[in-house]
Number of protein chains: 2
Amino acid sequence: MLDPRKRPRQDRSKATVAAILEAAVELFTEMGFAKTTTNRIAERAGVSIGSLYQYYPNKNALLVMLLEQHILHAGPVIEEAIKKLTQTDRDLEQRIRGLFEQVVALHDMAPDIHRMLFEEVPKPPSIQELSLQSEKRMAKLTEEVLREVVGEERPNLDMTAIVLVQTSEALAHWLAIRAPDSLERERFIDESAKMMVRYIGVI
Amino acid sequence: MLDPRKRPRQDRSKATVAAILEAAVELFTEMGFAKTTTNRIAERAGVSIGSLYQYYPNKNALLVMLLEQHILHAGPVIEEAIKKLTQTDRDLEQRIRGLFEQVVALHDMAPDIHRMLFEEVPKPPSIQELSLQSEKRMAKLTEEVLREVVGEERPNLDMTAIVLVQTSEALAHWLAIRAPDSLERERFIDESAKMMVRYIGVI
DNA sequence: AAAAAGGATGAGCAATTACTCACATTATTA
DNA sequence: TAATAATGTGAGTAATTGCTCATCCTTTTT
């Protein structure tokens with residue numbers, strides 16, 4: 001389940017490993033995780049099944065790798081954007097909207113794989129832990145920003161941060177899944193930002 | 001996949017069918033959908049594997065049945081609660097909070113099965129359609145209530161309704177999954193309701 | 001150039017598992 | 001009570017599939 005396999009040393013094998021992961025992404029999104037066989041992944045990658053198992057100990061490892069990549073990529077992007085919230089001079093609504101648009105953009109990058117990763121697969125504990133950590137960091141950052149924006153005296157800033165993080169995540173998710181036309185999309189983003197701004201309160 | 005099987009006529013077989021579904025719920029939540037075998041379900045139900053396949057054409061049918069039951073139960077409950085929103089005389093915050101608590105209660109009833117149903121399983125198209133319909137009905141109802149509460153002139157009431165429905169669903173979901181202690185729970189519900197109230201605006 | 005290490009292959013095994021069917025048992029109907 | 005329908009049984013099968021390993025090819029090191 002977790003035993004580490006051979007690591008690719010030469011360029012040739014690095015390409016193999018990459019091709020396998022790419023093929024896995026394609027097939028997972030096309031047919032879902034359960035219906036994708038490792039043999040097909042190898043076939044699609046133009047590689048023998050033996051090579052696959054030389055670098056990935058089992059089917060689940062491919063999934064874990066994908067999830068890790070996703071979390072490890074998305075986390076820092078959002079965290080950067082949150083930090084920049086206090087460093088601009090537009091009004092709060094514009095800034096919140098901008099931040100939310102970044103969250104949306106992340107979901108939009110690959111809505112299929114995103115849906116698959118988050119709706120179709122039992123997440124292994126190690127991944128659950130990872131995304132929990134990521135959520136916590138984002139909430140913490142949000143809380144700090146809030147402290148600067150609304151001041152110390154407001155109570156429950158920690159919960160406020162959690163509510164905001166979860167809300168924006170969920171709304172961006174909805175947008176990626178439902179994929180409405182651009183007009184509805186704009187209106188949805190408007191309303192989402194409006195809700196968060198009014199909640200935060202200080203105009 | 002969809003072919004209908006024999007229907008239970010006598011009480012005996014009705015009990016069998018019920019026992020099978022109950023066992024399926026238990027095992028699905030215990031081990032996840034993929035790792036649960038139909039033979040184990042029959043065993044747990046105290047019934048032979050042949051009986052299982054007499055009433056459920058395949059493993060997926062059990063899942064579909066569960067999802068249907070869930071949606072068909074939860075939908076009307078929430079819709080009732082939304083309708084009652086305008087028929088009470090408490091202030092808006094209290095009413096929104098009450099409504100949200102009902103959504104939370106629905107998730108709390110069986111958080112394990114809920115998580116399994118919504119995070120671990122590829123949903124068949126028929127079920128996706130069903131939950132889409134349910135969402136739409138809830139949004140429609142919410143929109144009507146909003147119209148009474150904030151008046152006709154406010155724009156984007158349809159989107160406002162969708163945002164509210166999705167938000168409360170997501171936040172209730174978070175609460176069921178993370179299951180924080182009762183103090184945090186209260187604070188979280190407070191903040192959630194507060195956000196929605198401020199968004200709606202009219203105090 | 002020889003040795004060693006890295007990389008690739010794919011036929012086939014072992015295990016799992018959804019599902020069938022011929023038959024037995026129980027209930028209902030005539 | 002005989003005939004018929006409903007229900008229940010579970011050993012066995014067919015198909016799937018994750019994964020191994022003996023073997024060969026390629027690159028790097030000595």
Side-chain angles (χ1 to χ4, degrees), chain A residues 1-28 30-66 116 120-122 124, chain B residues 1-28 30-66 116 120-122 124:
Chain A
M1 184 77 180
L2 328 140
D3 59 306
R5 284 289 152 110
K6 206 180 291 181
R7 262 152 209 279
R9 320 250 174 200
Q10 306 172 3
D11 286 352
R12 184 163 54 126
S13 54
K14 280 179 187 164
T16 302
V17 168
I20 292 170
L21 201 63
E22 213 172 314
V25 173
E26 289 178 23
L27 288 169
F28 284 167
E30 280 173 29
M31 0 212 342
F33 179 73
K35 288 194 172 176
T36 300
T37 72
T38 51
N39 280 286
R40 277 180 84 85
I41 293 174
E43 186 187 17
R44 171 82 59 108
V47 157
S48 80
I49 181 64
S51 289
L52 189 155
Y53 280 97
Q54 211 137 96
Y55 303 103
Y56 299 96
N58 52 48
K59 188 179 168 185
N60 240 299
L62 286 162
L63 183 69
V64 169
M65 187 100 296
L66 284 180
M116 183 258 141
E120 198 159 305
V121 131
Chain B
M1 186 75 179
L2 329 140
D3 60 306
R5 285 288 151 113
K6 205 179 293 182
R7 264 153 207 279
R9 321 248 172 201
Q10 307 171 4
D11 285 353
R12 185 165 53 129
S13 54
K14 279 179 189 165
T16 303
V17 169
I20 292 170
L21 201 63
E22 213 173 315
V25 172
E26 289 178 23
L27 288 170
F28 285 165
E30 279 172 29
M31 0 210 343
F33 179 72
K35 288 194 173 178
T36 300
T37 72
T38 50
N39 281 287
R40 275 180 85 87
I41 293 174
E43 186 187 16
R44 170 83 58 108
V47 157
S48 82
I49 181 63
S51 289
L52 190 154
Y53 280 96
Q54 212 136 92
Y55 303 104
Y56 298 96
N58 52 48
K59 188 178 167 184
N60 239 297
L62 287 161
L63 184 69
V64 169
M65 187 101 294
L66 284 180
M116 183 260 142
E120 198 159 304
V121 133

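Side chains are part of it too, since the values below use all heavy atoms of this structure and drop only hydrogens, waters and symmetry mates. Chain naming here is simple, since letters A, B, ... match the order of the sequence lines and numbering starts at 1 in each.
For A/Thr38, a side-chain nitrogen or oxygen approaches OP1 or OP2 of D/dG18 to under 4.0 Å. OP1 or OP2 of D/dG8 has at least one side-chain nitrogen or oxygen of B/Thr16 nearer than 4.0 Å. For the pair A/Ser13 and C/dG7, the criterion of a side-chain N or O lying under 4.0 Å from OP1 or OP2 is met. Contact annotation: B/Ser48 side-chain N/O to D/dT9 OP1/OP2 distance is under 4.0 Å. Of the side-chain N and O atoms in A/Tyr55, one or more sit less than 4.0 angstrom from OP1 or OP2 of C/dA8. When the side-chain nitrogen and oxygen atoms of A/Tyr53 are compared with OP1 and OP2 of D/dC19, one or more of them lie within a distance under 4.0 Å. Note on B/Ser51: a side-chain N or O is less than 4.0 Å away from OP1 or OP2 of D/dT9. Taking only side-chain nitrogens and oxygens, A/Arg5 comes nearer than 4.0 Å to OP1 or OP2 of D/dT20.
Summarising the geometry, the separation between CG on B/Leu63 and C1' on C/dA18 is reported as 15 Å, rounded to the nearest angstrom. Between A/Gln54 atom CD and D/dG18 atom P there is a gap of 18 Å when expressed in whole angstrom units. One can place CG of A/Leu62 at 12 Å from C1' of D/dG18, the figure rounded to the nearest angstrom. One can place CG of A/Leu52 at 15 Å from P of C/dG7, the figure rounded to the nearest angstrom. For the pair A/Met31 CE and D/dT16 P, the computed distance is 12 Å after rounding to whole Å. With rounding to whole Å, B/Ile49 atom CD1 is found 18 Å from D/dT7 atom P. When the C1' atom of C/dT26 is taken as reference, atom CZ of B/Arg9 falls 17 Å away, rounded to whole Å. One interatomic measurement links the two molecules: CG of A/Leu27 to P of D/dG18, which rounds to 12 Å at whole-angstrom precision.
The distance from atom OG1 of A/Thr16 to atom CG of A/Leu21, rounded to the nearest 0.5 Å, is 12.5 Å. Distance check: B/Lys59 NZ to B/Tyr53 OH gives 8.5 Å after rounding to the nearest 0.5 Å.
Take the nearest nucleotide of DNA chain D for A/Ala34 and for A/Gly50: the residue whose nucleotide is more 5' is A/Ala34. Take the nearest nucleotide of DNA chain D for B/Val47 and for B/Asn39: the residue whose nucleotide is more 5' is B/Val47.
The two residues B/Arg7 and B/Tyr55 have their closest heavy-atom pair at C-CE2, 4.2 Å.
Residues A/Glu43 and A/Leu52 are not in side-chain contact: their nearest non-hydrogen atoms beyond the backbone lie 4.5 Å or more apart. Between B/Glu30 and B/Arg40, the closest side-chain pair of non-hydrogen atoms is not below 4.5 Å.
Note on A/Tyr56: nothing from the nucleic acid sits closer than 4.0 angstrom, heavy atoms only. Using a 4.0 Å heavy-atom criterion, one finds that A/Arg12 contacts the bases of the nucleic acid, with or without backbone contacts as well.
Side chain of B/Tyr56 to backbone of B/Val17: a donor-acceptor contact under 3.5 angstrom is found.
In the set C/dT28, D/dT27, C/dA18, C/dT28 carries the atom at the smallest distance from any side-chain atom of B/Gln10.
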